[in-house]
Amino acid sequence: MIVRTCSQVSETTVHRLSSWSVVSWQEIALAVEETGLVRILGLNCPLVIFRRPNEFKGGQFDEVILNASRSGDGTFFPSPLDLNQSKSETGQEKDFHDVLYLESLVRADYKARLPVASLEESEIMLGRYSEWQFLQAALENSLSQVQELAGTHLREFAAVGDPFSLAILEGRELP
């Protein structure tokens, strides 16, 4: 599929990420096997094709696919949360701005969904990623079980000295 798609745009080149060397169409499978990904240049923006996303163990990839969106041509795009996890530990300066942007997307999504989420949805969301801003949004939920879940997380964060969680809990009685 990569070869077919890229051959439609004559300026595209496929590169090994380790050396940035150009990979021939016949070598793509080998290059992907070596590092788990290749980068395609010559499109509107660089495109990285992962076989094994960074920071995910082999068994976690099924969950990444479940959370991914799919384009009309069948390409899977990791969720902002999964993509953030993949980029956050690379140590590459260029990924720093991507991480900040992806975190802003996740924050906006969680802060919009948690005040109205079901208990099951809240458990899934906060089980994947939790921080004081999300928990503050979850406290706005009308379900006492969601408020209790948020309170549990806040108390855990406060116990290790998180000042934001401590401030939220101060003077507040939670279920």
Side-chain angles (χ1 to χ4, degrees), residues 1 5 17 36-37 39-40 43-175:
M1 185 159 150
T5 302
L17 232 48
L37 55 100
R39 177 165 282 186
I40 299 173
L43 303 169
N44 290 344
C45 63
L47 177 64
V48 177
I49 306 292
F50 289 93
R51 179 153 188 236
R52 293 180 310 270
N54 298 332
E55 305 308 317
F56 292 102
K57 295 179 178 79
Q60 292 177 298
F61 192 69
D62 289 341
E63 186 178 337
V64 172
I65 292 297
L66 286 173
N67 294 320
S69 59
R70 197 166 185 178
S71 71
D73 68 358
T75 303
F76 287 95
F77 295 99
S79 72
L81 182 57
D82 289 330
L83 190 53
N84 184 46
Q85 182 179 347
S86 181
K87 287 181 162 282
S88 66
E89 301 296 324
T90 65
Q92 297 182 30
E93 188 176 326
K94 68 176 185 63
D95 286 333
F96 176 74
H97 294 289
D98 292 345
V99 167
L100 292 177
Y101 175 70
L102 291 164
E103 285 176 351
S104 74
L105 292 179
V106 172
R107 279 191 184 100
D109 178 50
Y110 271 46
K111 287 164 82 174
R113 289 174 46 205
L114 281 167
V116 295
S118 68
L119 176 60
E120 180 182 0
E121 184 180 14
S122 298
E123 288 172 334
I124 291 168
M125 292 171 69
L126 296 175
R128 293 192 72 215
Y129 191 47
S130 183
E131 63 178 37
W132 70 269
Q133 294 168 319
F134 305 158
L135 302 172
Q136 195 168 31
L139 290 174
E140 298 172 19
N141 193 299
S142 62
L143 299 174
S144 62
Q145 301 96 325
V146 173
Q147 294 172 14
E148 184 177 333
L149 177 63
T152 299
H153 282 258
L154 284 167
R155 286 187 283 278
E156 288 173 6
F157 290 171
V160 294
D162 177 54
F164 300 105
S165 297
L166 287 165
I168 294 168
L169 290 170
E170 190 174 295
R172 187 185 282 238
E173 286 199 33
L174 297 175

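- We find the CG-OG distance between Leu105 and Ser79 to be 10.5 Å, quoted to the nearest 0.5 Å.
- A donor-acceptor pair is defined here as one N or O able to donate and one able to accept, closer than 3.5 Å; no such pair exists between the side chain of Asp82 and the backbone of Ala68.
- Heavy atoms only, all atoms of each residue included: Leu143 and Leu119 are closest at CD1-N, 3.9 Å.
- Here the side chains of Leu135 and Leu126 are in contact, with some heavy-atom distance below 4.5 Å.
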Verdict with supporting geometry, Leu139 and Ile168, side-chain contact (heavy atoms from CB on, under 4.5 Å)
CA-CA 10 Å; Leu139 290 174; Ile168 294 168; 3.7 Å; yes
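- In this structure, Ser142 OG and Gln147 CD are separated by 7.5 Å, a value rounded to the nearest 0.5 Å.
- The OG atom of Ser122 sits 12.5 Å away from atom CD of Glu148, with the distance rounded to the nearest 0.5 Å.
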Please tabulate, one pair per line, all N/O donor-acceptor pairs under 3.5 Å involving side-chain atoms of residues 106-116, not counting sequence neighbours.
from: Arg107; atom 1: NE; to: Glu131; atom 2: OE2; distance (Å): 2.5
from: Arg107; atom 1: NE; to: Gln133; atom 2: OE1; distance (Å): 2.6
from: Arg107; atom 1: NH2; to: Glu131; atom 2: OE1; distance (Å): 3.2
from: Arg107; atom 1: NH2; to: Glu131; atom 2: OE2; distance (Å): 3.3
from: Asp109; atom 1: OD2; to: Arg113; atom 2: NH1; distance (Å): 2.8
from: Tyr110; atom 1: OH; to: Met125; atom 2: O; distance (Å): 2.9
from: Arg113; atom 1: NE; to: Glu121; atom 2: OE2; distance (Å): 3.1
from: Arg113; atom 1: NH2; to: Glu121; atom 2: OE2; distance (Å): 2.8

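- Remark: Glu156 engages no residue in a salt bridge (charged side-chain N to carboxylate O under 4.0 Å, His left out) (not counting sequence neighbours).
- Atom CG of Leu83 sits about 9.0 Å away from atom CG of Asp95, to the nearest 0.5 Å.
- Within a 6.0 Å sphere centred on OH of Tyr129, other residues, nucleotides and ligands contribute more than 12 heavy atoms.
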Step by step, work out the side-chain contact (heavy atoms from CB on, under 4.5 Å) result for Asp162 and Leu154.
CA-CA 9 Å; Asp162 177 54; Leu154 284 167; 5.9 Å; no
